[in-house]
Protein chains: 2
Amino acid sequence: MPRPRSLTPDRLAASALAVIDRDGLGALSMRTVAKELGMSPMGLYRYVADREELEGLVVDRVLGAVDTSPPAPDAPWRERIEVMTRRLREAIARHPEAITLTLTHRHRSPGGLRWSETVLGLLAEAGIDGARRVVALRALHGYITGAIQLEHLGPLSGAGTSVIAALPEDRFPHLTETARTAAEVDPDQEFFGGLRLLLRGIED
Amino acid sequence: MPRPRSLTPDRLAASALAVIDRDGLGALSMRTVAKELGMSPMGLYRYVADREELEGLVVDRVLGAVDTSPPAPDAPWRERIEVMTRRLREAIARHPEAITLTLTHRHRSPGGLRWSETVLGLLAEAGIDGARRVVALRALHGYITGAIQLEHLGPLSGAGTSVIAALPEDRFPHLTETARTAAEVDPDQEFFGGLRLLLRGIED
DNA sequence: GCTGTTAGGAGTACGCCGTACGCCTACGAG
DNA sequence: CTCGTAGGCGTACGGCGTACTCCTAACAGC
C-alpha cells in the first residue's frame with residue numbers, strides 16, 4: 001500500500017562497487033554512492049543503517065560471485081580444495097580496490113559461509129573430523145586471507161621489494177638475498193606453493 | 001643551532017599508542033594525539049608528514065618490542081620457528097586495539113624485517129633455500145597475519161560464532177557442526193595447531 | 001474518489017576529520 | 001648580537017557520517 005521502493009540492496013551494492021572500482025576505496029562515501037545513484041546523500045539511509053552495512057553489501061556482492069558448488073569428485077581432495085581456493089582468490093582479485101573491505105568483512109557474508117560449508121564437506125570426505133577439521137579450516141582461512149593481503153600490500157612484492165633491496169646487506173643477509181630470489185617467483189606460484197605446503201601438512 | 005626539538009618520534013608513537021589502548025583505534029586522530037601530548041594539533045606535522053607516517057611509528061613501536069634474537073639452537077628448527085611466532089603473536093596481542101594497524105603496516109617496520117631475517121636464518125639452517133624458502137617465508141607470513149586477524153574478527157570466534165549458530169542447519173550442516181566443535185577448541189591450540197600443520201608441510 | 005500510510009526526495013546542520021598556511025616566539029651557533 | 005630554524009598556536013577549507021525536518025507521490029482499503 002505504500003509507495004514502492006525504488007532501489008534494491010543489490011543495485012546499491014553495485015553502485016558502491018562501481019565507485020570503488022573506478023575511483024578506489026578511498027573514494028567510497030555515502031555521498032559519492034548517492035551521487036552515483038543520482039539521489040540525495042541521505043536517501044541511502046532508507047536502505048542501510050550506516051556505512052558499515054553498505055560495506056557489507058559490497059562484500060556480499062564480491063563473494064556472492066564465487067562458485068561454491070563442489071568441484072569434480074574424481075580429483076583428489078587436495079586438488080579440489082585448491083580449486084575452491086582458486087575460485088575465491090579470483091573473485092577477490094576481480095575487485096582489487098575492494099580487497100581490504102572484502103577481507104575484513106568476509107566473515108559476515110553469505111557467500112563466504114557457503115564457501116566454508118563446501119570446503120568443510122571436502123575435508124570431511126578426506127576423513128578429517130572434529131577438532132582436526134576446525135583447525136584445518138581455520139588454517140586455510142588464515143592462510144588465504146593473509147596471503148592475499150600480502151600479495152597486495154606485502155613486503156616481497158611491488159613497492160615493498162625496493163624497500164628491502166635498499167636494506168643494509170650486512171645486517172640483513174638472508175632478507176636481501178631472499179628478496180632477489182623472490183623477484184623471480186611469480187605470485188601465482190607463490191600463493192599456490194604456500195597453499196600446497198599447508199595442504200600437505202593437513203593431509204596427515 | 002636552532003631551537004632543539006622537544007619531542008622524539010618514540011614519544012610520539014607512545015602517545016598515539018596510549019590513545020589507541022585507552023580509547024580504541026577509532027579514537028586515533030591527529031587531534032587526539034596532540035591533546036595527549038599537550039600541544040596543538042598542527043604541531044605533530046613537524047614530526048610526521050601525515051597520519052599514515054604516524055601510524056607507521058605506532059607499528060614500529062609494537063613490533064620493535066619483539067625479541068628477534070634466534071632462540072636456543074638445541075631445539076629442532078620447527079620448534080624454534082614456533083618460538084619466533086609466539087613472540088610475534090604476543091607482542092601484537094599486547095595491543096589488541098591496534099591489531100588492524102599492526103597487520104596492515106607490518107611490512108614497513110624495522111621490527112618486522114628483523115623478525116623475517118631471523119626466521120629466514122632458521123629456515124636456512126633447516127636446509128631450505130632458494131624459491132622454496134621464499135614460498136615458506138611467505139606462507140608463514142600469510143598464515144600468521146591471517147590467523148591473528150581471524151582470531152580477532154573471525155567467524156568462528158566471539159560474535160561470529162553466534163551468527164553461525166543461527167544458520168539453517170539443513171543448508172549448512174558441516175558449518176553448524178564445526179562451529180559447535182570450535183567452541184571447545186581454545187584459541188592458542190587453534191593458532192599453533194594450524195601453524196604446526198604448515199610447518200609440517202614445509203619440512204618436506 | 002477520498003484518505004491514510006509509507007516511501008521518496010531534498011535540504012540543513014552538527015561535530016568530527018586531515019591538513020594547508022601564516023604568524024609570532026625562543027633558542028643557540030656564528 | 002643576530003639570524004636561521006624549530007616550536008607553538010590559531011584559523012580555515014573541504015570532506016566525512018549522519019541526525020532531523022519538511023514536503024510529495026504512490027498505492028490499499030473504504
Side-chain angles (χ1 to χ4, degrees), chain A residues 1-61 97-98 100-102 104-105 108 153, chain B residues 1-61 97-98 100-102 104-105 108 153:
Chain A
M1 73 184 75
R3 183 170 175 174
R5 296 182 83 82
S6 63
L7 230 58
T8 61
D10 206 66
R11 240 176 72 67
L12 218 180
S15 295
L17 197 48
V19 170
I20 295 173
D21 286 341
R22 178 166 20 89
D23 303 323
L25 186 55
L28 182 71
S29 78
M30 301 305 272
R31 287 170 162 91
T32 52
V33 175
K35 187 172 294 179
E36 182 81 12
L37 286 163
M39 64 197 294
S40 84
M42 294 309 295
L44 299 187
Y45 286 93
R46 259 171 284 113
Y47 296 90
V48 292
D50 53 23
R51 183 199 164 112
E52 179 140 351
E53 196 172 317
L54 200 175
E55 294 178 352
L57 290 180
V58 171
V59 175
D60 271 6
R61 196 180 163 84
E97 287 290 344
T100 309
L101 221 55
T102 309
T104 56
H105 287 344
R108 270 172 270 161
L153 33 85
Chain B
M1 71 188 76
R3 183 170 175 174
R5 297 182 82 83
S6 63
L7 230 59
T8 61
D10 206 68
R11 240 176 74 66
L12 218 181
S15 296
L17 196 48
V19 170
I20 294 174
D21 285 342
R22 178 166 19 90
D23 303 323
L25 186 55
L28 181 71
S29 76
M30 301 305 272
R31 286 169 162 89
T32 53
V33 174
K35 186 172 293 178
E36 183 80 12
L37 285 163
M39 63 196 296
S40 83
M42 293 310 295
L44 300 187
Y45 285 93
R46 257 170 289 112
Y47 297 91
V48 292
D50 52 22
R51 183 198 166 114
E52 179 139 351
E53 196 172 317
L54 200 174
E55 293 178 352
L57 289 180
V58 171
V59 175
D60 271 6
R61 196 182 164 82
E97 287 289 344
T100 309
L101 221 53
T102 309
T104 56
H105 288 339
R108 270 172 270 161
L153 33 87

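These values consider heavy atoms only, across backbone and side chains, with no hydrogens, waters or symmetry-generated copies. The structure displayed is predicted, hence computed values, not measured ones. Numbered from 1 within each chain, the chains take letters A, B, ... in sequence-line order.
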Taking B/Ser15 as the fixed residue, which of B/Lys35, B/Glu36, B/Met39 is the one that meets the side-chain contact (heavy atoms from CB on, under 4.5 Å) rule?
B/Glu36
Tell me which residues in residues 31-44 of chain B lie within less than 4.0 Å of DNA chain D, going by non-hydrogen atoms.
B/Arg31, B/Met39, B/Ser40, B/Met42
To the nearest Å, how far apart are B/Glu52 CD and C/dG18 P?
13 Å
Spacing of A/His105 atom NE2 and A/Glu52 atom CD [to the nearest 0.5 Å]
5.0 Å
Using 0.5 Å steps for rounding, measure from the OH atom of B/Tyr47 to the OG atom of B/Ser6.
3.5 Å
What is the distance, to the nearest angstrom, from the CG atom on A/Leu54 to the C1' atom on D/dT18?
13 Å
Starting at atom CG of A/Asp23, determine the distance to atom C1' of D/dC16, rounded to an integer number of angstrom.
16 Å
Starting from C1' on D/dA19, measure out to CE on A/Met30 and report it in whole angstrom.
13 Å
Without decimals, in angstroms, what is the distance between B/Tyr45 OH and C/dA20 C1'?
10 Å
Does A/Asp50 use its side chain to pair, donor to acceptor, with the backbone of A/Glu53 at less than 3.5 Å?
yes
Report yes if at least one side-chain N or O of A/Ser29 is closer than 4.0 Å to OP1 or OP2 of D/dG15; otherwise report no.
no
Which of C/dC17, D/dG7, D/dG17 is nearest the side chain of B/Arg46? It is D/dG7
At what distance, to the nearest 0.5 angstrom, does CD of B/Glu97 lie from CG of B/Asp21?
8.0 Å
Under 4.0 Å between any heavy atoms, over every strand shown, what does B/Arg51 touch: base, sugar-phosphate, or nothing? Just pick one.
sugar-phosphate
